[in-house]
Amino acid sequence: MLKVTAVSPESLGAELGLQNGTELLTVNGREIEDFLDWEFLTAEEQFLLHIRQPDGEEIEFDIERPEGLPMGVAVEPPRIRRCANRCDFCFVDGLPEGLRDTLYIRDDDYRLSFKYGNFATLTNLKPRDVERIIEYRLSPLYVSVHATDPVIRRWLLRNPLAPDVLEQLRLFASHGLQFHTQIVLSPGVNDGEVLEQTLGDLYAFGSPVLNVSVVPVGLTEYSKHSLVREPTEAECRAAISRIERFSALARAERGITWAFGADELYLRADLPLPPAERYDGFEQVENGIGSVRWLQLRIEEDREALADWRGRRIGVLTGISMASLMNQVLAPLGEATGATFDLIPVTNTLFGSSVTCAGLLPGAAFRLALAGRTDLDLALIPGESLNEDQLFMDDLTLADLQATSPVEVRPSYHFTDALNTPATA
Ligand code: SF4
């Protein structure tokens, strides 16, 4: 059973009288467990829908969907699948105590992998899940592979029961599914020859493995430093050299780059980023693959839509790691808008100064960095530091930050989204 949370006015759901709280029981006699059942079973033109209204009345509809009319029904979010692993580099272990409860949930959910592109390890799949993935053709899936050697992967995931990921991918690929894959690089464990083998095994799959990204392990002051460490510059260079050999091979044989290093990997290796055309369709940009090149492209493409910011001073707040790459983005942005940009690298006051990515910055750190900045006309903060409820990691709200800052504050994902309307003052 799945509950309706909202119904759009011009929709089939509204015509049927579905409402907030309606229980969706079955479609064609099959029980509705979650949004996947709902979306896939009601995708047919004809189906039988059995519901229970909030007043207890049960109704069965024999539906013939009029062409072009959407169901228009939002349903409750799924109960998140908990992770079966205990990776030494787990983000959850790197959290300080006292944050909101939801941040401590280790999720590993193939449904969210399909729907939102969250990476999943597939180590907690039950036979029923495997059947659903195949039946509903959940493709592409985003899979954390890390290593294809099953023994090393089990060690990395700290899960002696983790199934062989190659066998899992092979089964799904035989049903036509495809995958975006990632490797979190843990030095001394899955770099070197292990990385070579993993890239080789994934490449040998052919078209089912759409691409592979390699992301350096990221730790905080609270992580298990006795068990895991971040890669050195030399280790990042060695990894890039292996990745780029596979990229060159893929470009020669398949016409795509296929294997990518995260921007962070290039930064730590002190090597220049590949040019924009090497990132194929920027399919893993949300995983930090090609973010700088993608931002540069967005500025170029959105140029006409930008407001006139001539004579204005705009503060750009970001994590320390991105700050060193940010000038490559702010130079073209200054040219496109006429504004002067002031890069403000923000130290993470919650996780410690070693945590340098923008997405983990707490509201208090932005507040501190903006104190007294009356010289600015506008301050941009990274949109990824906020969740969907507009909360920072430390539970400060965006509205709180805006109310207490001496300058207008706008969250931004790619700059041009926040610079298309002039400053309010
Ligand atoms: S797979 Fe590893 S890193 Fe991801 S949530 Fe589970 S324990 Fe944490």
Side-chain angles (χ1 to χ4, degrees), residues 77-97 99-126 129-130 133 138 140-169 172 179-191 194-195 198 202 212-231 262 264-265 284 286-289 350-351 354-357 359-360 384 387 393:
R79 264 229 321 265
I80 301 295
R81 284 293 182 84
R82 301 301 169 107
C83 176
N85 314 312
R86 280 292 177 274
C87 310
D88 293 335
F89 53 78
C90 185
F91 166 74
V92 172
D93 292 327
L95 293 172
E97 287 176 8
L99 302 179
R100 59 181 175 274
D101 291 348
T102 49
L103 290 172
Y104 298 98
I105 297 173
R106 292 173 211 258
D107 63 301
D108 194 10
D109 196 320
Y110 68 96
R111 298 168 302 177
L112 306 187
S113 168
F114 169 70
K115 180 104 176 162
Y116 301 113
N118 297 2
F119 278 94
T121 65
L122 310 182
T123 52
N124 56 358
L125 296 186
K126 300 187 175 68
D129 301 321
V130 173
I133 290 172
L138 302 186
L141 284 174
Y142 288 74
V143 183
S144 284
V145 171
H146 304 328
T148 49
D149 179 314
V151 176
I152 292 172
R153 187 166 190 258
R154 282 177 198 131
W155 197 91
L156 270 164
L157 298 173
R158 297 282 181 193
N159 179 356
L161 302 177
D164 183 335
V165 72
L166 283 178
E167 278 178 22
Q168 289 183 299
L169 297 184
F172 293 135
F179 323 98
H180 297 285
T181 60
Q182 79 158 352
I183 296 166
V184 173
L185 196 73
S186 184
V189 186
N190 64 344
D191 56 352
V194 179
L195 177 63
T198 303
L202 293 175
V212 57
S213 62
V214 180
V215 182
V217 74
L219 304 175
T220 78
E221 285 183 7
Y222 304 91
S223 299
K224 299 171 175 171
H225 290 277
S226 57
L227 298 171
V228 60
R229 64 175 174 85
E230 294 183 346
E264 176 88 20
L265 196 66
Q284 287 208 33
E286 288 182 10
N287 201 20
I289 311 298
L350 184 64
F351 293 97
S354 63
V355 175
T356 56
C357 68
L360 295 181
E384 54 273 25
N387 72 2
M393 293 295 288

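When a ligand or atom number is given, it counts from 1 through the structure's own listing order.
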Enquirer: Kindly state if atom 4 (Fe) of ligand 1 has a protein heavy atom within a strict 4.0 Å cut-off, that is, under 4.0 Å?
Expert: no
Enquirer: Looking at atom 7 (S) of ligand 1, what's its closest protein heavy atom, distance included?
Expert: C87 N, 3.3 Å
Enquirer: What residue and atom, counting heavy atoms only, is the protein's closest point to atom 8 (Fe) of ligand 1, and at what distance?
Expert: C90 SG, 2.3 Å
Enquirer: Verify whether one side chain among N85 and T121 offers a donor that lies under 3.5 Å from an acceptor in the other.
Expert: yes
Enquirer: Over 60° means perpendicular and under 30° means parallel, so tell me whether F119 and Y142 are parallel, tilted or perpendicular.
Expert: perpendicular
Enquirer: Find all atoms of ligand 1 within a distance of less than 4.0 Å from any non-hydrogen atom belonging to T121, and give their numbers and elements.
Expert: 1 (S)
Enquirer: Counting heavy atoms not belonging to E286, are there more than 12 under 6.0 Å from its CD?
Expert: no
Enquirer: In the protein, which heavy atom is nearest to atom 6 (Fe) of ligand 1, and how far is it?
Expert: C83 SG, 2.3 Å
Enquirer: Tell me whether the rings of F179 and F172 are parallel (<30°), tilted (30 to 60°) or perpendicular (>60°).
Expert: tilted
Enquirer: Check each atom of ligand 1 against the heavy atoms of N85 and keep those under 4.0 Å away; list them by number with element.
Expert: 1 (S), 7 (S)
Enquirer: Flag the pair D88 / S186 as yes when at least one side-chain heavy-atom distance between them is below 4.5 Å, and no otherwise.
Expert: no
